[in-house]
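Some notes on the structure that comes next.
Just follow the structure's listing: the first ligand is 1, and inside any ligand the first atom is 1. Since the structure is predicted, the reported quantities are computational estimates derived from the model, not experimental observations. By convention here, the first residue in the shown sequence is residue 1.
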Amino acid sequence: MRAKELRQKYLEFFQTKKHIIVPSASLVPENDPTTLFTGSGMQPMIAYLMGEKHPLGKRITDSQKSFRSGDIEEVGDNRHTTFFEMLGNWSLGDYFKKEQLSWMFEFLTKIIRLDPKNIYVTVFRGDENLKIPRDNESVGIWKELFKSVGVEAKDVDFVEKNGMQGGKIFYYPVEKNWWSRAGVPDKMPIGEPGGPDSEMFWDFGEERKIHENSPWKNEPCHPNCDCGRFLEIGNNVFMEYIKTEKGFEFLKQKNVDFGGGLERILAALNNNPDIFLTDIFSQGIKKLEDLSGKKYVGNEEAFRVILDHLRATTFLIGDGVLPSNKDQGYFARRLVRRAVRFAHRLGIKNNFCGDVAKIFIEEYKSEYVNLGVEEEKIVAELEREEDKFRSTLGKGLKHYKLAVEAGKFEIIPGEITFNLYQTYGFPIEIVEELAKEDGKKINREEFDEELKKHQDLSRTASEGKFKGGLADHSEKTTQYHTVAHLMLAGLRKVLGKNVHQKGSNITEERIRFDFSYPEKMAEEQKKAVEDFVNVAIKSKTEVVMEEMTPEEAKNSGAEGEFGHKYGDRVKVYSIGEYSREICGGPHIKNTLEIKGIFKIKKEESSSAGVRRIKAVVEQLNKNE
Ligand code: SER
């Protein structure tokens, strides 16, 4: 089966179960300051899982673009990618376990015809400390489902080294069968939603126990052991809890969050665990074989790294992430440069990234329309980044070799790693990888000290931020979200109607806002925008939300990205006569909640034709 067909079958199946299909959200989360990328289908749904009403109802389905930067170095084996598509369906306080598991089973075994004999499932074992019981309900449902197709499904407790025990349904502890954005319950901050889950695995057969580094290689394995025999193809999360000071309490509503990797389900359908042998990558493999004169077989690692990284950057640039030294851009840079290094190793000496991107754009543009629209930009940005790195790559590799050999270093000192970074544009992770290939290490602390000396902390800061992980709907952030609407309205008033939002990143400390405008703003213009926003703040105006079709929203004068795929219904937030904008929310109820004075702290260029503002609301002194 082709990826396109699987995606369509899944979405249409859930449509028959009364779900509304929504387009994928951007890989760059909006108004979520604590994470750099959308890494799962549920991230854009958080507000709705917490009880905010979704304008399209209680049953939603989609295929969400996802990017996990933590997996960059894992790429190279047969199943890891940084970018993937997550098929998702959501019950937002509607159906629960019975419907979800039955539909999933129907989809897997009837619609796409996976053999139930090779499907294994896991459930939450229960946890006394958390006072959350064993998920007997799911076990009962799974048993009935397997029975209906003539498969006996024995439930067994996972016991290390006991292997399969003739089981079909496995109870695992909280480390394996609990899902939240932060991971296990201990790691969850107060206010974070989560719940027990039930995962589904595909069995490729005993002979697939091939992962060299798996501790289970020579042991009896089990569905969750990661020896290569089993592959997780989907996760049903029963998101009904919220962490509070007193422990876990029920959320306002019982939700289902299902996520399944499109590529992984395809691998199960092919009964081949190498996800790079699905149709998504076939043209790319052919291209690399032509360019390098080498075959995929025998060069799997390099082919996989190049294809994964260039697919990811194609999507990232499509969502506005340009290679740079900061935040999201740093990951795009790392990916392109790592792909180019592996291509260099394969003997591909000329620029090729743009050509590979074109193949992926062709594959995906009917589903992700922005890729087609942005094709020229994506190809140009990749070529620019590739040119930049190729101009120093050879020299940098020489420098590395000479410097390391000269000093006979086993641990490569900070001066060298920093030079490779600074002079030759080698991301430190690439230097680390080079060292590893030579059986050496780098001294990361010394590198960081050098970096600090050069007062370039932006990259390390962005990594820290990424690890931080969680969305924050604190009052201050919500206030700033409303202020951002006022600011956009102000900018459009002062600079004209060609101004549109191009991106935003809001933290408790500040608003960062990108908008289309060709030149630097004059002082007077900035002051005028500040005045507009401050007047609106002082006016104590109510913030009102209405739901309507995108057409009605447009006709009513609401600001929005009309080139973009909206669902059938959108939310429009109005702040009196000041602002009217399409937005998912949440917002404050009245501008009187904004305590302080709005100030533009910085106005600078972001990229061609796009300006960036950093702004804050400064607290009033008591005696002012
Ligand atoms: N949130 C779950 C996951 O990402 C299921 O969608 O695995």
At a heavy-atom distance under 4.0 Å, which protein residues reach ligand 1? Sort them by chain and number, would you? Ser40, Met42, Arg68, Met86, Trp179, Asn235, Val237, Asp257, Phe258, Gly259
With side chain to side chain contact (heavy atoms under 4.5 Å, CB included) as the criterion, how do Ile233 and Leu108 come out once you've worked through the C-alpha distance, each side chain's angles and the decisive distance to 0.1 Å? CA-CA 10 Å; Ile233 54 171; Leu108 294 180; 4.2 Å; yes
Donor-acceptor list for residues 84-94 side chains, cut-off 3.5 Å, not counting sequence neighbours:
unit_1, atom_1, unit_2, atom_2, d
Glu85, OE1, Arg7, NE, 2.7
Glu85, OE1, Arg7, NH2, 3.2
Glu85, OE1, Ser63, OG, 3.0
Glu85, OE1, Tyr368, OH, 2.6
Glu85, OE2, Arg7, NH2, 3.1
Asn89, OD1, Tyr10, OH, 2.9
Asn89, ND2, Tyr95, OH, 2.9
Asn89, ND2, Gln100, OE1, 2.8
Ser91, OG, Asp94, N, 2.9
Ser91, OG, Tyr95, N, 3.0
Ser91, OG, Tyr95, O, 2.7
Asp94, OD2, Arg59, NE, 2.5
Asp94, OD2, Arg59, NH2, 3.3

Taking ring-ring contact (aromatic ring centres under 6.0 Å, His included) as the definition, give me every residue that meets it alongside Phe13, ordered by chain and number, with sequence neighbours left out. Phe107
A quick test of your reading: do over 12 heavy atoms of other residues, nucleotides or ligands sit less than 6.0 Å from NZ of Lys502? no
Are Ile582 and Tyr573 close enough, and set up right, to give a side chain to side chain contact (heavy atoms under 4.5 Å, CB included), and what steps lead you there? CA-CA 6 Å; Ile582 297 180; Tyr573 280 89; over 6 Å; no
Applying ring-ring contact (aromatic ring centres under 6.0 Å, His included), can you list everything that pairs with Tyr364, at least two apart in sequence or on another chain? Phe315
